[in-house]
Amino acid sequence: VLLVLLLADRMAAGRNMKEYEGTTERGPQEGVSAEGHSYSSCGDDTALFHVERVRLEPERISRGSTANFRIVAALEAGRHVGNLESALVSMRATYHSTEVFREEDRICDVAEVCPLPRDGQQFQLVYVKEFPIYTPPGPYEVELRGRVDEVTLFCLRVRFRVAFFRSSSYSVNPISV
């Protein structure tokens, strides 16, 4: 049984897909990584932030590892919102469609700079999450939703797999800022 799990894990890691980046134009934003992580917008066209790129590092998440969710976004030029720094970002994680984690943070607690830039300038939101050694391997989906008052800033779904074992070539890609 262990050998079957190891082989299935290796086969899932061998996928070769396109770059993990969204579109730069307004509209549905989605992407896929080399490891099969994917993301898509779950909001509508009224969202005030345009998500330009999502990175999940390391590429291969395994039990007992730390993952970095890095989101590059920009406030749509010419669109204004009240007190942006009072915005909240909620993170909801599901495993096989069952909620396993939920938290809510102030946007300035996960933004690399605060106050956030306005008028189309890019900024980054960063979540660092540890996956305990007892984390079940398999498919996960994380929904990230930003809002201020009743206004939606963004909504994003990230889909990925947690591996049973770390790869023998395991390495964390350096984070460039």
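Position 1 is the first residue of the sequence; numbering continues from there. Computed from heavy atoms alone, side chains included, the values below leave out hydrogens, waters and symmetry copies.
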Quick one: pull up [atom1] in [X] and [atom2] in [Y] and give me the separation to the nearest 0.5 Å.
{"X": "Thr152", "Y": "Arg145", "atom1": "OG1", "atom2": "CZ", "value": "6.5 Å"}
{"X": "Glu57", "Y": "Arg70", "atom1": "CD", "atom2": "CZ", "value": "6.5 Å"}
{"X": "Glu141", "Y": "Ser40", "atom1": "CD", "atom2": "OG", "value": "7.5 Å"}
{"X": "Glu130", "Y": "Thr135", "atom1": "CD", "atom2": "OG1", "value": "10.0 Å"}
{"X": "Thr94", "Y": "Arg102", "atom1": "OG1", "atom2": "CZ", "value": "10.5 Å"}
{"X": "Ser65", "Y": "Lys129", "atom1": "OG", "atom2": "NZ", "value": "14.0 Å"}

What closest approach, in Å, do [X] and [Y] show between heavy atoms, and which atom pair accounts for it?
{"X": "Leu116", "Y": "Ala111", "result": "CD2-CB, 3.6 Å"}
{"X": "Ala74", "Y": "Gly120", "result": "CB-O, 3.6 Å"}
{"X": "Leu144", "Y": "Phe154", "result": "O-CE1, 3.7 Å"}
{"X": "Phe49", "Y": "Ala73", "result": "CB-CB, 4.5 Å"}
{"X": "Ala67", "Y": "Pro58", "result": "CA-CD, 4.3 Å"}
{"X": "Ile107", "Y": "Glu85", "result": "CG2-O, 4.2 Å"}

Heavy-atom side-chain proximity of [X] to [Y] below 4.5 angstrom:
{"X": "Leu153", "Y": "Leu84", "answer": "yes"}
{"X": "Leu125", "Y": "Phe69", "answer": "no"}
{"X": "Glu76", "Y": "Leu48", "answer": "no"}
{"X": "Glu143", "Y": "Cys155", "answer": "yes"}
{"X": "Ile71", "Y": "Tyr39", "answer": "no"}
{"X": "Met91", "Y": "Val142", "answer": "yes"}
{"X": "Pro136", "Y": "Val162", "answer": "no"}
{"X": "Pro139", "Y": "His96", "answer": "yes"}

Are [X] and [Y] connected, step by step, through hydrophobic side chains (Ile, Leu, Val, Met, Phe, Trp, Tyr) whose heavy atoms are closer than 4.5 Å?
{"X": "Phe101", "Y": "Leu156", "answer": "yes"}
{"X": "Val72", "Y": "Leu56", "answer": "no"}
{"X": "Leu75", "Y": "Val126", "answer": "no"}

Checking the side chain of [X] only, and the main-chain atoms of [Y] only, is there a donor and an acceptor separated by less than 3.5 Å?
{"X": "His37", "Y": "Val158", "result": "no"}
{"X": "Arg53", "Y": "Val51", "result": "no"}
{"X": "Glu112", "Y": "Phe123", "result": "no"}

Subject >> Polar contact flag, side-chain donor to acceptor under 3.5 angstrom, Arg159-Ser38 >> reply: yes
Original post:
Aromatic rings Phe160 and Tyr140: how do their planes relate, parallel, tilted or perpendicular, breaks at 30° and 60°?
Top reply: parallel
Subject >> Verdict with supporting geometry, Arg161 and Ile61, side-chain contact (heavy atoms from CB on, under 4.5 Å) >> reply: CA-CA 7 Å; Arg161 296 188 65 79; Ile61 298 170; over 6 Å; no
Subject >> Aromatic Phe164 / basic Arg63 pairing, under 6.0 angstrom, 45° off normal >> reply: yes
